[in-house]
Every structure is written in structure tokens, then in C-alpha cells.
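Note that the structure is predicted; figures quoted are calculated from it, not measured. Naming: A, B, ... by sequence-line order, numbering from 1 per chain. Both backbone and side-chain heavy atoms feed into the values below; hydrogens, waters and symmetry mates do not.
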Amino acid sequence: MPLNFKLYSTLTNTKEDFVPIEAGKVGLYVCGVTPYDFSHIGHGRGVVVYDTFARFLRETGWQVKYVRNFTDVDDKIIARANERGMEATALAQEFIEAFTEDAQKLNEVTPDVEPRVSTHMQEIIDMIQLLLDNGVAYVGDSGDILLDTTKVDDYGKLSKKPLNDLIEGARVDVSDDKKTPTDSVLWKLAKPEEPKWASPWGEGRPGWHIECSAMSAKHLGKTFDIHGGGMDLIFPHHENEVAQSEGAHKCKSVNYWMHLAFINFDGEKMSKSLGNFKTIRDMLQLVSGEAIRLYMLGTHYRKQLNFTVDALQASETALEKLYRTLKRAVDLPQTDAQDLEHFYGYLADDLNTPKAQAEMFNTATDLNAALDQNNLEKAAVLKAKLVKMGASLGLLTYEPVKYLKGGYKAAPEGAMSDTDVEKLVQERTTAKTEKNWARADEIRDLLKAENILLEDGAEGTSWVRK
RNA sequence: GGCCGAGUGGCGAAGUGGUAACGCUGCGGACUGCAAAUCCGCCAUGCAUCGGUUCGAAUCCGAUCUCGGCCUCCA
């Protein structure tokens, strides 16, 4: 029996008990990136949160199908490719690969399916045809196909925006094609030099929202369990997805909508359009991927996270504490993890990762205490628990000694080599044996200036790179 | 203007009726040649403000202030 859990749904704006469509199974669709640039840490938050969610579901007995798309056919991609004088498909491919690399550095378990618009044209065209057949779409004067938002039941139900308010408050330049300002383009006829695909309405490409309706239906069915994405997608992207999917299939499309809050920077939303974004790559120059992950899971996913480098580095320090503990525990015998009810219970409450983390840190403290008391039996059990909790959150997967020596982050410019460090440590050990404290301290200070900290233990001296 | 959401110690951040988790930082002690690490202990009589409900509120209700987001491409 899988563990029951609660999820806050944007559709009802309440925390709800999750009820699967099919017993024991969860279908999860998340809106991925439009690959025209390097991904920023806001995208990273999405990677980490939904990955953690999928891990949680699997560990608690659910059979999960996790689908995350790439919108690889898009105006911004075309524009950027033109700037660079290259094919749009090549540009998209380049940034899909970059995204995948970043996601791996963040310890993501790759989603089960990563569909792309470019390989789902037939599904998209079929869906547009259905919308036309159902009278929910129309052909505009220019020949583009548009969604008729006035023909959709309850348009605005997800974002809680009454259609009339939207029409009145419309700030968009109303194109001549649109019967109503809120209507959106389903199929856009190609201009010269633009990528294009054949369709019954002429060569062109899909509009922005239809691809997710088509791809989610193909991979998860007309009605599926959970749909995720950033808060900013609620309107218009997800609202239109609902309208299209339900307009085409005549049934409820998504049971639970799980939206992620933003990362802010200097108190303001970080986004590509504002130009104030930090890429995942930038952050990986400063700290390890797991530190970024720990940082992001330290704030609940529905709360805005105001990004600061100081806080990120505090997470790296906190992670070091966990790895120091594991390093001490490295020789303990393997046992099964137990006593995880509380931990999973926290995650089952709308993915409360901060609370789950607290449990992890408390366990580390207990483990250190058990080791101090030389209670190895207790320590082994605690270690198994700690490692298991870490794995659930996508953490503590590094090799502790290597991690503490800085092996999982970018080496700073002109850093002292491991070999040179070892040499000095050797020399200091000799000095210590001779009780030459002055020389020993001198070496320690010298290494400290290189951000290397020495730790004298019963079994000799070990070192850590800060 | 409409609709979301937030304001908790030096910093980050949980907690939604029973007396403030956790992390970083700081302080004291143990340990150490001295350190570091680790452990033990301490650090918000108070949770934006003002009222109210209640035996009891950070948590519920009302008002006010401040901030962020969506309403246009955005995770």
C-alpha cells in the first residue's frame, strides 16, 4: 500500500488528500524549459522540487510516470538562432544538452519521458483538429488557427480570473485575428525562413500552449493526476492548457495542480526578461550541486525564496557537517534503515522538505553523539537512517572524504594541489612527533591561508577544503 | 482595479489553537600541546501593528501598515 499524502492544488486553493486515478499509480507532468539559453536557478528549483517529489512517491510505494517536456519549437528559439546565424533545431539541441547536464549536477533522476514539441507534431495537429471539430477553435483572417476562449466552459477557473475581467483588462495588442483578446494561437502559419511543419491549414508551427495539452494527453492520458510548473505559468499557459485539453477531450484534464513559487533576487522576481538571473552554472562555480539542492529544499516549495550567495554558502557549510558525520561513520556495518515514519510523514504533508531536513540534521547529531560514546550498534542504525533520508532528498550521494576535500565543486583559481597538501601534513606530523609546536602551527596557518583546515584525530590528521 | 501569497531570533527558515523545529552565525563548558571537528548547554517572555474571540493564539476573526507575484513572454 503506497503512503497517502496531501497536496496543495491551485485548482481549489486548498491542501487536499491525493486520490489516484488508478490505484497505486501517479501520473506527473511538469512543464520544462524552452531551451534558448542556459537555465537559471529558478529552473533549478523546479528540477530539485519535482525530482524530490518523484523520489518521495517512489520510495513510499507509488508507481510513478514522470513526464517533463522541452518546448523546442518557439519564437524565442527562432529569434536567438537567427541572431547566432544557426538552425533553430541546433540551438535547441545545444541548450537541451546544457539543461540535462545541469540537472544531473543537481542529482536529478531523469524523468521517465522528456517529450519534445518537434517530435509530437502529429499529436498537436490532431488535437487542433479536434478543437475545430468541437467548435472551440476557428480560422482567423490570416489563416492562423485560434482557440475561442468564449466557447470554453469555465475559462479562468484555474487562475481564478473571470473571462470578462480578462477581456476588459486586456493589455495585449489585440491582433486582428482574434475574435476575443483572450484567444490564443494554436497554429501559426510560417513566414519565410521560419521552421515549418505541414498541416491541414498550411505549413507552420504550433502556438505556445497547445504542445503541453497534446504531449500530456499522449503520455499520461486525457485525464491525469498531477500537473506541475512555475507559478507564473498559471496564467495564461496552464489556463489555456485546461481550456484546450477539456475543449478537445470533453473531460477533466488534471486532478491536482502543483505550482512552484519563484526565486527572487534582491527582493524582485528573477527572470530572463528582467535580465537579473543567475544560472545554475554560475552557482556550481561557488558550491557543489548538493549544496544548491539542500538550499532549495530548505524553503517550502510554495514560498518565495529570496536568493543570496551568503545563504547558499551557509547551506554548503551545513552539508559539510553531514559529510563530516558520514566520514566518521564510514566503517560502520551495513544495516537496514528504520524509524522513517516521521520523515516520510513530513514529505507526505504537501512535500514539507524543511521539516524533513530538520529530521536529517537531528539524526546526524544523534549519530555523532553515538560515535562519541562509542555505541557502534546504535550508530550503525542511525547512519543507515541518515543515508536513507539523504537519498530520498537526493543528498549525501557523494563520497565523504572526496567531498570534504573539495572534490565536488569547481576548484578555485590557483588552489593548492592535494599532493602538496599531503606533503605539508606529513611534515607537520613529523614536527608534532618532535613536539615542535611552533613549526606544526606554522604549517597549519599556512594551510589555513589556502582555505584548508586540519583536523587532528586519534588516527592522525585529516584535512578539509573550505 | 481584480486575484494569489508573504511579514517569526543577528541571518535563513518550519510551525495554522496548547505555550516557538532545523540550519548558519555568536557565547559558555567538555575534549585538544594549542586548534579544528564533535558533544553538552545558552541566545525570540515573543512571532508586522492595533483591537477582538478563547481557559489558552504566531496560529481563529476584524482593521491597518509593508512587501512580493499574476492579470503581457517567463520555472
Close N/O contacts between protein and nucleotides 16-23 of chain B (under 3.5 Å):
none

For the side chain of Arg80(A) and the backbone of Tyr36(A), is there at least one donor-acceptor N/O pair under 3.5 Å apart?
yes
Interatomic distance where CG belongs to Leu371(A) and C1' belongs to C31(B) [whole Å]:
16 Å
Sugar-phosphate or base contact per nucleotide [nucleotides 1-7 of chain B; S, B, -; heavy atom under 4.0 Å]:
-BS-S--
Using the side chain to side chain donor-acceptor pair (under 3.5 Å) rule, collect all pairs that involve residues 375-391 of chain A, keeping only residues at least two apart or in two chains.
Asp339(A)-Lys385(A), Glu359(A)-Lys385(A)
C3(B) - base-pair partner by Watson-Crick or wobble geometry, distances under 3.5 Å:
G69(B)
So, with a heavy-atom separation below 4.0 Å from RNA chain B, the residues of residues 395-406 of chain A are none
Nucleotide paired to U16(B) in any strand shown, Watson-Crick or G-U, under 3.5 Å:
none
Nearest-Å distance, NE2 (His259(A)) to P (C70(B))?
13 Å
Test: salt bridge (charged side-chain N to carboxylate O under 4.0 Å, His left out). Region: residues 234-244 of chain A. Which pairs qualify, not counting sequence neighbours?
none
Taking salt bridge (charged side-chain N to carboxylate O under 4.0 Å, His left out) as the cut-off, I'd like each qualifying pair that reaches into residues 91-102 of chain A, sequence neighbours left out, listed once.
Arg84(A)-Glu94(A), Glu101(A)-Arg281(A), Asp102(A)-Arg281(A)
Classify the nucleic acid contact of Arg45(A) as base, sugar-phosphate or nothing, counting any heavy atom under 4.0 Å across all strands shown.
nothing
Identify each donor-acceptor pair in which a side-chain atom of residues 311-320 of chain A lies under 3.5 Å from a protein atom, sequence neighbours left out, and give them as a table.
from      : atom 1 : to        : atom 2 : distance (Å)
Ser315(A) : OG     : Ala311(A) : O      : 3.4
Glu316(A) : OE1    : Ser288(A) : OG     : 3.3
Glu316(A) : OE1    : Tyr403(A) : OH     : 2.2
Glu316(A) : OE2    : Ser288(A) : N      : 2.9
Thr317(A) : OG1    : Gln313(A) : O      : 3.1
Glu320(A) : OE1    : Lys466(A) : NZ     : 2.9

Quick note, Phe235(A) side chain, CB onward, closest among C34(B), C73(B), C70(B) is C70(B)
Taken in chain and number order and not counting sequence neighbours, the residues that satisfy salt bridge (Lys or Arg N to Asp or Glu O under 4.0 Å) with Lys188(A) are Asp75(A)
What donor-acceptor contacts under 3.5 angstrom involve side-chain atoms of residues 46-56 of chain A, with partners at least two apart or in another chain?
from     : atom 1 : to        : atom 2 : distance (Å)
Tyr50(A) : OH     : Gly229(A) : N      : 2.9
Tyr50(A) : OH     : Gly229(A) : O      : 3.2
Tyr50(A) : OH     : Met258(A) : O      : 2.7
Asp51(A) : OD1    : Val109(A) : N      : 3.0
Asp51(A) : OD2    : Arg55(A)  : NE     : 2.8
Asp51(A) : OD2    : Arg293(A) : NH1    : 2.9
Asp51(A) : OD2    : Arg293(A) : NH2    : 2.7
Thr52(A) : OG1    : Val48(A)  : O      : 2.7
Thr52(A) : OG1    : Arg293(A) : NH2    : 3.1
Arg55(A) : NH1    : Ala391(A) : O      : 3.0
Arg55(A) : NH2    : Asn107(A) : O      : 2.6

Does Trp437(A) stack onto the base of G33(B), taking stacking as ring centres under 5.5 Å apart and planes under 30° apart?
yes
For His300(A), which contact category applies under a 4.0 Å heavy-atom criterion: base, sugar-phosphate, or nothing?
sugar-phosphate
Members of residues 449-466 of chain A that approach RNA chain B, where some heavy atom sits under 4.0 Å away
Leu454(A), Glu455(A), Asp456(A)
Rounded to whole Å, the CD-P distance (Glu320(A) to U25(B)) equals 10 Å
Watson-Crick or G-U wobble partner for A58(B), using a 3.5 Å limit on both distances?
none
Taking pairing as Watson-Crick or G-U wobble with both contacts under 3.5 Å, can you name the mate of C31(B), or confirm there isn't one?
none
Scan residues 108-116 of chain A against RNA chain B and write down, sorted by residue number, each residue with any heavy atom closer than 4.0 Å; if none is found, say none.
none
Using a cut-off of 4.0 Å on non-hydrogen atoms, how would the nucleic acid contact of Gln313(A) be classed: base, sugar-phosphate, or nothing?
nothing
Side chains of Leu189(A) and Ser142(A): closer than 4.5 Å at any heavy-atom pair?
no
Quick one: which residue pairs count as a ring-ring contact (aromatic ring centres under 6.0 Å, His included) with a foot in residues 278-299 of chain A, not counting sequence neighbours?
Tyr295(A)-Phe307(A)
